[in-house]
Amino acid sequence: MTQDRQLHRWHVQPDAQALAVAVAARVLAAAQEAIARRGAFHVVLAGGTTPRRIYELLRDAAADWARWHVWFGDERCLPPDAAERNSRMAFDAWLAGVPIPAVQTHPIRAELGAPEAAAEYANLLQGVGDFDLVLLGLGEDGHTASLFPAHDWGDGVAAPDVLAVADAPKPPPQRVSLSARRLSAAAEVLFVVSGLGKRTAVAAWRDGARLPAAAIAPARGVDVYLDFDPA
Ligand code: 6PG
């Protein structure tokens, strides 16, 4: 593992399966610690395709599911059952197979349209406090969640919790995303980065480029799990 001054810890795994196993273990450990400390575990899920293996491993794991509260870092404005919905992937790969109470699983109702869904999710997050763990992916342009370069990332101190995105460069254009500020309000943030297609974005990130991923700055730093050597 290597570490830089912005408190990024880089964890290189030999392949995608080892990456999923390592991150799933971190999620379960974080849950155990949070539940022991405060009786609940609030986790934010990453979208995209990379996390699927992680979610499948979690589906088959033993955990105190009744104490879990599941949030989403972003969502695409598509019908709830659309295959490209982040919530659909998480439910199919994991959540439908474990007994987390339905009232503790919070998909973003992005089918309402970005502005209405963002306002509704912000209300839901009122009083939730810092997340125990945030999972995030990384796009080839350095985006994370639905925070894209040359767009508003919501990284200012007064930024809202949730952003309505109208013109995302990654389809669909309409999305809802937690802001960089709200995603940073977390005890732990784990990025999961798989595939050499992400190498350029990781190199720019490590070089200090101003990217959405770099705007995620929790107090205790960020752990980045990769299945390639970023050096
Ligand atoms: C989304 C995701 C997005 C994703 C990255 C990586 O809705 O698309 O939230 O931020 O995590 O684009 O996607 P892959 O894991 O599919 O490479």
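In each ligand, atom 1 is the first atom listed, and ligand 1 is the first ligand listed. These figures come from a predicted structure and were not determined experimentally.
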Query - salt bridge (Lys or Arg N to Asp or Glu O under 4.0 Å): pairs with one or both residues in residues 97-114, sequence neighbours excluded - result: R85-E111, R109-E120

Pair up each side-chain donor or acceptor in residues 214-231 with any protein partner under 3.5 Å, not counting sequence neighbours, and list the distances.
from: D223; atom 1: OD1; to: R9; atom 2: NE; distance (Å): 2.8
from: D223; atom 1: OD1; to: H11; atom 2: NE2; distance (Å): 2.7
from: D223; atom 1: OD2; to: R9; atom 2: NE; distance (Å): 3.4
from: D223; atom 1: OD2; to: R9; atom 2: NH2; distance (Å): 3.2
from: D223; atom 1: OD2; to: R26; atom 2: NH2; distance (Å): 3.2
from: Y225; atom 1: OH; to: R26; atom 2: NH1; distance (Å): 2.8
from: D227; atom 1: OD1; to: G195; atom 2: N; distance (Å): 2.9
from: D227; atom 1: OD2; to: S194; atom 2: OG; distance (Å): 2.5
from: D229; atom 1: OD1; to: A231; atom 2: N; distance (Å): 2.9

Under 3.5 Å, which donor-acceptor pairs do the side chains of residues 164-171 form with other protein atoms, sequence neighbours left out?
from: D167; atom 1: OD1; to: H151; atom 2: NE2; distance (Å): 3.1

Query raised in the report: Does NZ or CZ of R175 fall inside the cone over F148's six-membered ring, less than 6.0 Å from its centre and within 45° of the axis?
Result: no

**Report entry** salt bridge (charged side-chain N to carboxylate O under 4.0 Å, His left out) evaluation trace for D92 with R52
**Finding:** CA-CA 9 Å; D92 288 352; R52 178 181 286 275; 5.5 Å; no

Query raised in the report: Is a donor on one side and an acceptor on the other found under 3.5 Å between the side chain of D207 and the backbone of A209?
Result: no

May I have the N/O to N/O pairs between ligand 1 and the protein that fall below 3.5 Å, each with atom names and distance to one decimal?
from: ligand 1; atom 1: 7 (O); to: D74; atom 2: OD2; distance (Å): 3.1
from: ligand 1; atom 1: 7 (O); to: R76; atom 2: NE; distance (Å): 3.0
from: ligand 1; atom 1: 7 (O); to: R76; atom 2: NH2; distance (Å): 3.4
from: ligand 1; atom 1: 7 (O); to: N86; atom 2: ND2; distance (Å): 3.0
from: ligand 1; atom 1: 7 (O); to: R175; atom 2: NH1; distance (Å): 2.9
from: ligand 1; atom 1: 8 (O); to: R76; atom 2: NH2; distance (Å): 2.8
from: ligand 1; atom 1: 8 (O); to: K170; atom 2: NZ; distance (Å): 2.8
from: ligand 1; atom 1: 9 (O); to: D74; atom 2: OD1; distance (Å): 2.8
from: ligand 1; atom 1: 9 (O); to: D74; atom 2: OD2; distance (Å): 2.8
from: ligand 1; atom 1: 10 (O); to: A145; atom 2: N; distance (Å): 3.2
from: ligand 1; atom 1: 10 (O); to: A145; atom 2: O; distance (Å): 2.6
from: ligand 1; atom 1: 11 (O); to: G47; atom 2: O; distance (Å): 3.4
from: ligand 1; atom 1: 12 (O); to: H143; atom 2: NE2; distance (Å): 2.6
from: ligand 1; atom 1: 12 (O); to: K170; atom 2: NZ; distance (Å): 2.7
from: ligand 1; atom 1: 13 (O); to: K170; atom 2: NZ; distance (Å): 3.4
from: ligand 1; atom 1: 15 (O); to: T49; atom 2: N; distance (Å): 3.3
from: ligand 1; atom 1: 15 (O); to: T50; atom 2: N; distance (Å): 2.9
from: ligand 1; atom 1: 15 (O); to: T50; atom 2: OG1; distance (Å): 2.7
from: ligand 1; atom 1: 16 (O); to: T49; atom 2: N; distance (Å): 2.9
from: ligand 1; atom 1: 16 (O); to: T49; atom 2: OG1; distance (Å): 2.7
from: ligand 1; atom 1: 17 (O); to: K198; atom 2: NZ; distance (Å): 2.8

